[in-house]
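None of these values were measured; they are calculated from a predicted model. Sequence lines set the chain letters: A, B, ... in the order given, protein chains first and strands last, and positions in each chain run from 1.
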There are 2 protein chains.
Amino acid sequence: MTSHCKDGHGGVKGASGSLWCCLNALCSSQGLASEEAALLDEIVSSPLRLEKRAVLYEQEAPFDSLYAVCTGCLKQETAVNETETLLTSFWLPGDLIGCDAIGLGRYPATVSALETATVCRLPFARLEALTQRLPRLRRQLQCTTSRARHEERIILHQLLSRTAEARLACFLLVVSDCFHRRGYSPTHFRLPVSRNDIGSYLGLTQETVGRTLATYQSQRLLRVNGREYQLLDLAQLERLASSTGRRQKRP
Amino acid sequence: MTSHCKDGHGGVKGASGSLWCCLNALCSSQGLASEEAALLDEIVSSPLRLEKRAVLYEQEAPFDSLYAVCTGCLKQETAVNETETLLTSFWLPGDLIGCDAIGLGRYPATVSALETATVCRLPFARLEALTQRLPRLRRQLQCTTSRARHEERIILHQLLSRTAEARLACFLLVVSDCFHRRGYSPTHFRLPVSRNDIGSYLGLTQETVGRTLATYQSQRLLRVNGREYQLLDLAQLERLASSTGRRQKRP
DNA sequence: CGTCCCTTTGATTTACTTCAAGCTCTGTGG
DNA sequence: CCACAGAGCTTGAAGTAAATCAAAGGGACG
């Protein structure tokens, strides 16, 4: 996992690295014709570099662009009160940031880099103009975002009635799956997220996150070293993740 | 709360009861011009009656229509396994059902009536054709659904790290607000939802839901009689709902 | 080298689930 | 009309998962 962007990959000949990331983000790797890709390439910015803790955009800023993650990891936080901010998303390579702002006119959250990251900017106005001419692209984009929303919804509802064990397993599997779909190892990855951030995403304390990871480790389900994760028993993790409810009711 | 639909209301002269409900659902009561309303009226079906436990549509059925709730209450459930189904939404008068299917091609959940309900069907193809000609309507529809999605997201993330007390307060306030926005009493309403269903929506057991309601009642925050709710102290409920975390960390 | 942040580990407390029993409604068939 | 079944709701007692509080160890970075 040294380089996230892959040149000349994705079935579109001659696609630049940044284009490849955008295609991924927009279409979940379902191919577009070369001509369509070429048109898309024209409106994609060259990769933008964000240092650790740099802010991609602030909550309430006017919406004008989507961003495709090329490398690195970002987090999204929404301030709901003066006192409370919610960590509502992590963004990994291949993810499309900003979809939740479409229709709102403003970004509903602040997005910042957890480590050095590169993203490609997609000016939304130009993207929309493009989808007018390319109905296939429009459909793919809509399908991708709808599916993502639905999945997130389901996961959040599942988490609500689950133990810390199941929540964390669920989370790790989502991350694993995300890496997998983008062509990286589903079992060995670096996740540059503090225990505290994982905790606030899952509604747990950092201590519980740490302890649960330790438990997993002692059960040989995975190995953790700081923020390096190696999943050893995906099958068992899935079983844990989908174990209904807090404890098993007996019939 | 005997009649939910209001005739000749909403600033659009001569709007039928069903049209009024759809306007509400589509535009959050922000007025459209009379001509626009008239066009919308043409594609809205007359109210459809659903008996208790009747299914509006099944999960996986092909998507073709949105539905605006005129009266009654419905619930939405998604089956994720053979073993597990999640209760992901309740639908009250003025809500627009089916938006989560846009872009997916299929309904991602089963929706059924909790009590006798009436809904208006909005064939999506005709609605889309209409929005081609009425950009204002398109924008309003998009804005309404985006806002709803964002709010749901935020609420779910809030619930994740809250106690049963806060979850229930949050839930009651959302319901109250929904009724309020549609012109009903925010403090006195019938919510024909079993404790069990509230529990699975909030990730709690029915016992906890019942006990928490009892606690509220003993604190004079509300009165419950079966499924009739009377909120007595909205301010305190809001305080409870937004009390961060499980317990208050002391600085 | 020392400071700060992140993480781990331990002890205690508490909120919620589980299990169980009884109670209130509603509808149904004798 | 009453008996009775069944679902929904309530209440109690016990157990457990996770939060809280506290303290100490490890890295990164100035």
### Message
Rounded to whole Å, how long is the line connecting atom CG of B:N196 with atom P of D:dC9?
### Response
8 Å
### Task
Starting at atom CG of A:L160, determine the distance to atom P of C:dT17, rounded to an integer number of angstrom.
11 Å
### Task
In sequence, state the C-alpha distance, the side-chain angles, and the governing distance for B:F90 and B:L191, and then conclude on side chain to side chain contact (heavy atoms under 4.5 Å, CB included).
CA-CA 10 Å; B:F90 297 109; B:L191 190 66; over 6 Å; no
### Task
For the side chain of B:Q206, starting at C-beta, report the closest nucleotide among D:dA19, D:dT10, C:dT18.
D:dT10
### Between P of C:dC16 and CG of B:L168, the distance in whole Å
11 Å
### Query
Side chain of B:T205: nearest nucleotide among D:dA18, C:dC6, C:dT17?
C:dT17
#### Entry: Candidates A:W91, A:Y57, A:Y201 - the one meeting side chain to side chain donor-acceptor pair (under 3.5 Å) with A:Q76
A:W91
### Task
Grab the CG-C1' distance between B:N225 and D:dG8 for me, whole Å please.
14 Å
Between the protein and nucleotides 27-30 of chain D, which nitrogen or oxygen pairs come in under 3.5 angstrom?
none

### Message
Rounding to an integer number of Å, can you tell me how far B:L202 CG sits from C:dT17 C1'?
### Response
15 Å
#### Entry: Reported CZ-to-OG1 distance for the pair B:R147 and B:T145, which is rounded to 0.5 angstrom
10.0 Å
### Task
Assess the side chains of B:T212 and B:T215: does a donor N or O sit below 3.5 Å from an acceptor N or O?
no
### Task
Can you check whether any acceptor in the base of C:dC19 is under 3.5 Å from a donor in the side chain of B:E207, or vice versa?
yes
### Minimum-distance nucleotide (side-chain atoms of A:R195 versus D:dT20, C:dT17, C:dT7)
C:dT7
### Query
NA contact type, B:T208, heavy-atom cut-off 4.0 Å: base, sugar-phosphate, or nothing?
base
#### Entry: Electrostatic pair B:D197:B:K75 at N-O distance under 4.0 angstrom
yes
### Message
As a test of reading the structure: which of C:dT17, D:dG8, C:dC6 is closest to the side chain of B:R227, going by heavy atoms?
### Response
D:dG8
#### Entry: Presence of salt bridge, B:R49 and B:E51, under 4.0 angstrom
yes
### Query
Are B:E115 and B:R190 ion-paired here, with the side-chain N under 4.0 Å from a carboxylate O?
yes
### Difference in axis direction between the ends of the helix from C:dC1-D:dG30 to C:dA21-D:dT10, five pairs, 10°
40°
### Non-hydrogen side-chain atoms of A:D177 and A:V174 separated by less than 4.5 Å
no
### Task
May I have the distance from A:E228 (atom CD) to C:dT7 (atom C1'), rounded to whole angstrom?
16 Å
### Message
I'd like to know whether the aromatic ring centres of B:Y184 and B:F189 sit less than 6.0 Å apart in this structure.
### Response
no
### Task
Please work out which residues in residues 209-223 of chain B have a non-hydrogen atom less than 4.0 Å from an atom of DNA chain D and list them by number.
B:G210, B:R211
### Task
Would you tell me whether B:S65 and B:R121 have side-chain atoms, one donor and one acceptor, within less than 3.5 Å of each other?
yes
### Message
Just the rounded figure in Å: distance from C1' of C:dC16 to CZ of B:R162.
### Response
17 Å
#### Entry: Short side-chain to backbone donor-acceptor contact, A:S112 and A:A54, under 3.5 Å
no
### Query
Would a distance-only check, ignoring hydrogens and angles, find a side-chain to backbone donor-acceptor pair under 3.5 Å from A:R182 to A:G94?
yes
### Message
Closest-nucleotide mapping onto DNA chain C: is B:E165 or A:G226 further toward the 5' terminus? I mean the 5' end.
### Response
A:G226
### Task
May I have the distance from A:L204 (atom CG) to D:dT20 (atom P), rounded to whole angstrom?
11 Å
